[in-house]
Amino acid sequence: MKASQLLSPTLRETPAEAEVISHQLLLRAGFIRKSAAGVYTYLPLAQRVLKKISDIVRQEMDREDGQEITLPIIQPAELWQESGRWNVYGDELFRLKDRHGRDFALGPTHEEIITDIVRGEVHSYKQLPLLLYQIANKYRDERRPRFGLMRGREFIMKDLYSFDRDEEGLAVSYKKMYDAYSRIFTRCGLKFRPVEADAGAIGGTGGTHEFMVIADSGEADIVYCDACDYAANVEKAEAKASIGAKETALELEDVSTPAVKTIDELASFLGVSPEKMIKTLVYRTEKGLVAALVRGDRQLNEIKLQNLVDTVQLHLADDETVRLLTGAAVGFAGPVYLPKSVCVQGEEITVKIIADEEVIHISNAVTGANKTDFHFRNVNHGRDFTPDQVADIRLAEPGEPCPRCDAALKSARGIEVGQVFKLGTKYSKALGANFLDENGKSREMVMGCYGIGVSRTMAAAVEQNYDENGIIWPVSIAPYHVVVVPVSSKDEEQVKAAEKIYQELKDLGVEAVLDDRNERPGVKFKDADLIGYPVRITIGPKTLAENKVEVFVRQQGQTTLEAIDSVAQGVAGLINQEVACLS
RNA sequence: CGGGACAUAGCGCAGUUUGGUAGCGCACCUGCCUUGGGAGCAGGGGGUCGCAGGUUCGAAUCCUGCUGUCCCGACCA
């Protein structure tokens, strides 16, 4: 491709709307343009990157006998009503009506429609397992689209659905996808980590892993262990209880603590360390109130609590409810003598006390006394309070022991680019996707679903590979491998040499761009760095006299001199070697 | 959905306080010149100042309403 004809409108300045680096660079380097909030046009360079990523995904899906299909984006409301998600999915579902007033949705995900196809066409155990996938646009009307391609309302996703006879079959399919995903992100040249994750609203019976591209700009917090393989999203990460020394229980006493509300204030006021305190957080759920207890120096993990209580709604109770429950101002709640129920606006609401495992092992703890400006000292589990449930409900933090091997946990930020789910029979049951087994007995198919954010992976690759001059594409997903730059477009000798090398590269199967624009060299170099071509070949007067050209490798920032006649061959070898290295 | 900010040429911005009919840099077009890290000179094209009302002789500027965009939070297969 000739740069003079390539639609890659680079910008000298960063558009004000772009905050994260991938958004800034993809706009500046002329890869994308915004059409509406969270909706982007992919220009030629982006299209090529997306195709490279998609091709890698396709190869690895096909390798595991995944079969590619295309499912409709416009989906009838009836299917969504059948699964129950028409009402549950909420405002995030893009809805539309046709001219007859019939309801449709733009697919945010495709469990319904794939299950519909399979229930109609697959009836025998002989046809299973079945792995079907597509690479397509997905639509989610995000409350707040942001970070450019990272969280859009229209985005490209690969989704594969597995259908198996039983849980054992599902485990096999799951493993296949897990391994395929690891190969895919490796081949894309990304530093990533599969982590244990929370299943969220999608539910399901088995485990789920998220594939995280490690980057500081990531939205997800993960903890991992270098000594063993343990890695998890903090939403899910197990926290190992640290048990303090047992002391002789002293007599319960209340102590005046005027206007001392926070753990820190209390620690300095009483001279007691936070790990000897019990923090009490009151939550309101559709199943009543929950008083959650964690050690003073710990943080509650709301997702663990929500899963434990099995609620849809979980929000911190408002001040008024806390006052009614404890009979005290906010900041003085505690488990001792906490009422079993409370009357809020004429409604009787039950209260459940749930304690983190560590809490019941604190001897002579300090807690709120449910009396304004008072706390209790010497609170002991069993004698002074008895939780309804004891479980791991706190947030795991870096530095604490790994739940598997006790080495110190580390933390990192990650961008979720893929997730694998064991769905079980949730959708096959709702939509009636059954098959007959060897005994002629009808059974529900056991499903899994596996997503990769293709457009997000492109953005994640930029987040992980850039410098102050621009993008540094991994060779395997770079839009082009090489840019050939004659320093002067008016120097016939340089132009001729450049054209020759460009042609040779193309003949060798190397994807090359010839920067034939009548620009000063600085402009061409800046654009090359910004766009992120892995290799730049520069033909200039200094070296041409010796029949040599410069080869600049973007990743290493190093320049070497090569003979004109062999440079194409050499660069082709380098490119092939790089790609092979990744797969 | 709560809080905050912004909206003037493709991009970055000034002009708004104090109303007088729109400007700068980059980009774009023509010519000259130049060619090793976003050159220089000369000429040129491009904007119903987000939209709709209102005040006024006159509105980018003041008032009202709306829309869009971004950030923080809540939310999120």
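Here is how names work: the chains are called A, B, and so on, in the same order as the sequence lines, proteins then strands, and each is numbered from 1. Since we're looking at a predicted model, the values are computed, not measured. These values consider heavy atoms only, across backbone and side chains, with no hydrogens, waters or symmetry-generated copies.
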Practice problem: Pick the P atom in B:C26 and in B:G68, then give their distance to the nearest Å. | Solution: 35 Å
Practice problem: Assess whether one donor atom and one acceptor atom, taken from the side chain of A:Asn469 and the base of B:G37, lie less than 3.5 Å apart. | Solution: no
Quiz item: Looking at the rings of A:Tyr283 and A:His315, which for Trp means the six-membered one, are their centres under 6.0 Å apart?
Solution: no
Self-check item: Whole-Å distance separating the CG atom of A:Asp198 from the C1' atom of B:C75
Solution: 15 Å
Quiz prompt | Basic-acidic side-chain contact under 4.0 Å: A:Glu320, A:Arg284 | solution = no
Quiz item: By side chain to side chain donor-acceptor pair (under 3.5 Å), which residues pair with A:Lys500, not counting sequence neighbours?
Solution: A:Glu504, A:Asp565
Quiz prompt | Carboxylate-amine/guanidinium contact A:Asp221 A:Arg413, below 4.0 Å | solution = yes
Quiz prompt | Same-atom distance (C1') from B:G47 to B:G31, integer angstrom | solution = 27 Å
Self-check item: Atom-pair distance (CG on A:Asp491; P on B:G36), nearest Å
Solution: 11 Å
Exercise. Any strand is fair game: report the nucleotide pairing with B:U34 by Watson-Crick or G-U wobble, both distances under 3.5 Å, or none.
Key: none
Quiz item: Contact class for A:Glu416 vs. all strands (heavy atom < 4.0 Å): base, sugar-phosphate, or nothing?
Solution: nothing
Quiz item: Distance between the C1' atoms of B:U17 and B:A60, in whole angstroms?
Solution: 14 Å
Exercise. Confirm from the modelled atom types if A:Arg143 and B:C76 form a donor-acceptor pair under 3.5 Å, side chain to base only.
Key: no
Tabulate below the donor-acceptor pairs under 3.5 Å that side-chain atoms of residues 451-464 of chain A make, not counting sequence neighbours, or state none.
unit_1	atom_1	unit_2	atom_2	d
A:Ser455	OG	A:Ile156	N	2.9
A:Arg456	NE	A:Met150	O	2.9
A:Arg456	NH1	A:Glu416	O	2.7
A:Arg456	NH2	A:Met150	O	3.0
A:Thr457	OG1	A:Gly453	O	2.6
A:Glu463	OE1	A:Ser217	OG	2.6
A:Glu463	OE2	A:Ser22	N	2.8
A:Glu463	OE2	A:Ser22	OG	2.7
A:Gln464	OE1	A:Lys191	N	2.8
A:Gln464	NE2	A:Lys191	O	2.7
A:Gln464	NE2	A:Ile214	O	2.7

Quiz item: Between the base of B:G38 and the side chain of A:Glu519, is there any donor-acceptor pair under 3.5 Å?
Solution: no
Exercise. In whole angstrom, give me the gap between the C1' atoms of B:A74 and B:C63.
Key: 34 Å
Quiz item: Can you tell which of B:C75, B:G38, B:U35 lies closest to the side chain of A:Asn518?
Solution: B:U35
Quiz prompt | Which nucleotide in B:U69, B:U35, B:G38 has an atom nearest any side-chain atom of A:Leu530 | solution = B:G38
Exercise. Please state whether the base of B:G38 and the side chain of A:Arg28 form at least one donor-acceptor pair under 3.5 Å?
Key: yes
Quiz item: What does A:Gly451 touch in the nucleic acid at a heavy-atom separation under 4.0 angstrom: a base, only the sugar-phosphate, or nothing?
Solution: nothing
Exercise. Take atom OH of A:Tyr40 and atom P of B:U69, then tell me their distance rounded to the nearest Å.
Key: 10 Å
Quiz item: Whole Å only: how far is the CG atom of A:Asp91 from the P atom of B:C75?
Solution: 15 Å
Practice problem: Sorted by first residue and then second, give each salt bridge (charged side-chain N to carboxylate O under 4.0 Å, His left out) pair with at least one member in residues 20-35 of chain A; sequence neighbours left out. | Solution: A:Glu17-A:Lys34
Practice problem: Identify the two heavy atoms, one from A:Leu132 and one from A:Ile69, that lie closest to each other, and give their separation to 0.1 Å. | Solution: CB-CD1, 4.0 Å
Exercise. Applying side chain to side chain donor-acceptor pair (under 3.5 Å), name anything that partners A:Thr285, two or more places apart in sequence or on another chain.
Key: none
Exercise. Pick the P atom in B:G45 and in B:U30, then give their distance to the nearest Å.
Key: 15 Å
Quiz item: Using a cut-off of 4.0 Å on non-hydrogen atoms, how would the nucleic acid contact of A:Lys524 be classed: base, sugar-phosphate, or nothing?
Solution: nothing
Give every pair of a protein N or O atom and an N or O atom of nucleotides 43-46 of chain B that lie under 3.5 Å apart, one pair per line with the distance.
none

Practice problem: Tell me whether the OP1 or OP2 atom of B:G38 has a side-chain N or O from A:Arg12 closer than 4.0 Å. | Solution: no
Self-check item: Under 3.5 Å on both distances, the Watson-Crick or G-U partner of B:C26
Solution: B:G10
Quiz item: A:Glu238: what forms a salt bridge (Lys or Arg N to Asp or Glu O under 4.0 Å) with it, not counting sequence neighbours?
Solution: A:Arg404
Exercise. Determine, for A:Arg153 against A:Asp141, whether the closest basic-nitrogen to carboxylate-oxygen distance falls under 4.0 angstrom.
Key: yes
Quiz item: B:G73 C1' sits how many Å from A:Glu219 CD, rounded?
Solution: 13 Å
Quiz item: Which part of the nucleic acid, if any, lies within contact of A:Pro541, taking any heavy atom under 4.0 Å across all strands shown: a base, the sugar-phosphate backbone alone, or nothing?
Solution: base
Practice problem: Using the C1' atoms only, state how far B:G3 lies from B:A9, rounded to an integer number of Å. | Solution: 33 Å
Self-check item: B:G20 and B:G15, which share atom name P, separated by this distance in whole Å
Solution: 13 Å
Quiz prompt | Under 4.0 Å protein heavy-atom contacts per nucleotide of nucleotides 10-15 of chain B, with B for base, S for backbone only and - for none | solution = -BSS--
Quiz item: Between A:Glu92 and A:Ala36, who's closer to the 5' end of RNA chain B by nearest nucleotide?
Solution: A:Ala36
Quiz item: Just how far, in rounded Å, is P of B:C71 from CE of A:Met150?
Solution: 12 Å
Quiz item: Which sits closer to the 5' end of RNA chain B, A:Ser488 or A:Pro145, going by the nucleotide each is nearest to?
Solution: A:Ser488
Self-check item: Opposite nucleotide pairing with B:G47, Watson-Crick or G-U, both atom distances under 3.5 Å
Solution: none
Quiz item: Run the ring pair (Phe, Tyr, Trp, His ring centres under 6.0 Å) check on A:His481 and A:Tyr533 step by step: do they pass?
Solution: CA-CA 6 Å; A:His481 297 135; A:Tyr533 299 102; over 10 Å; no
Quiz item: Choosing from B:U35, B:C75, B:G37, which nucleotide comes nearest the side chain of A:Arg146?
Solution: B:C75
Let me check something: any side-chain donor-acceptor pairs from residues 536-543 of chain A under 3.5 Å, sequence neighbours excluded? List them with distances.
unit_1	atom_1	unit_2	atom_2	d
A:Arg536	NE	A:Thr538	OG1	3.1
A:Thr543	OG1	A:Lys548	O	2.9

Quiz item: For atom C1', what is the distance between B:U55 and B:A22, given to the nearest Å?
Solution: 22 Å
Practice problem: Can you check whether any acceptor in the base of B:G37 is under 3.5 Å from a donor in the side chain of A:Arg536, or vice versa? | Solution: yes
Quiz item: For the pair made of NZ in A:Lys526 and C1' in B:A27, what is the distance, rounded to whole Å?
Solution: 17 Å
Self-check item: Interatomic distance, A:Phe147 CZ vs B:G73 C1' [rounded to whole Å]
Solution: 12 Å
Quiz item: Now, which nucleotide makes the Watson-Crick or G-U wobble pair with B:C1, with each of the two distances under 3.5 Å?
Solution: B:G73
Quiz item: Who are the side chain to side chain donor-acceptor pair (under 3.5 Å) partners of A:Asp264, not counting sequence neighbours?
Solution: none
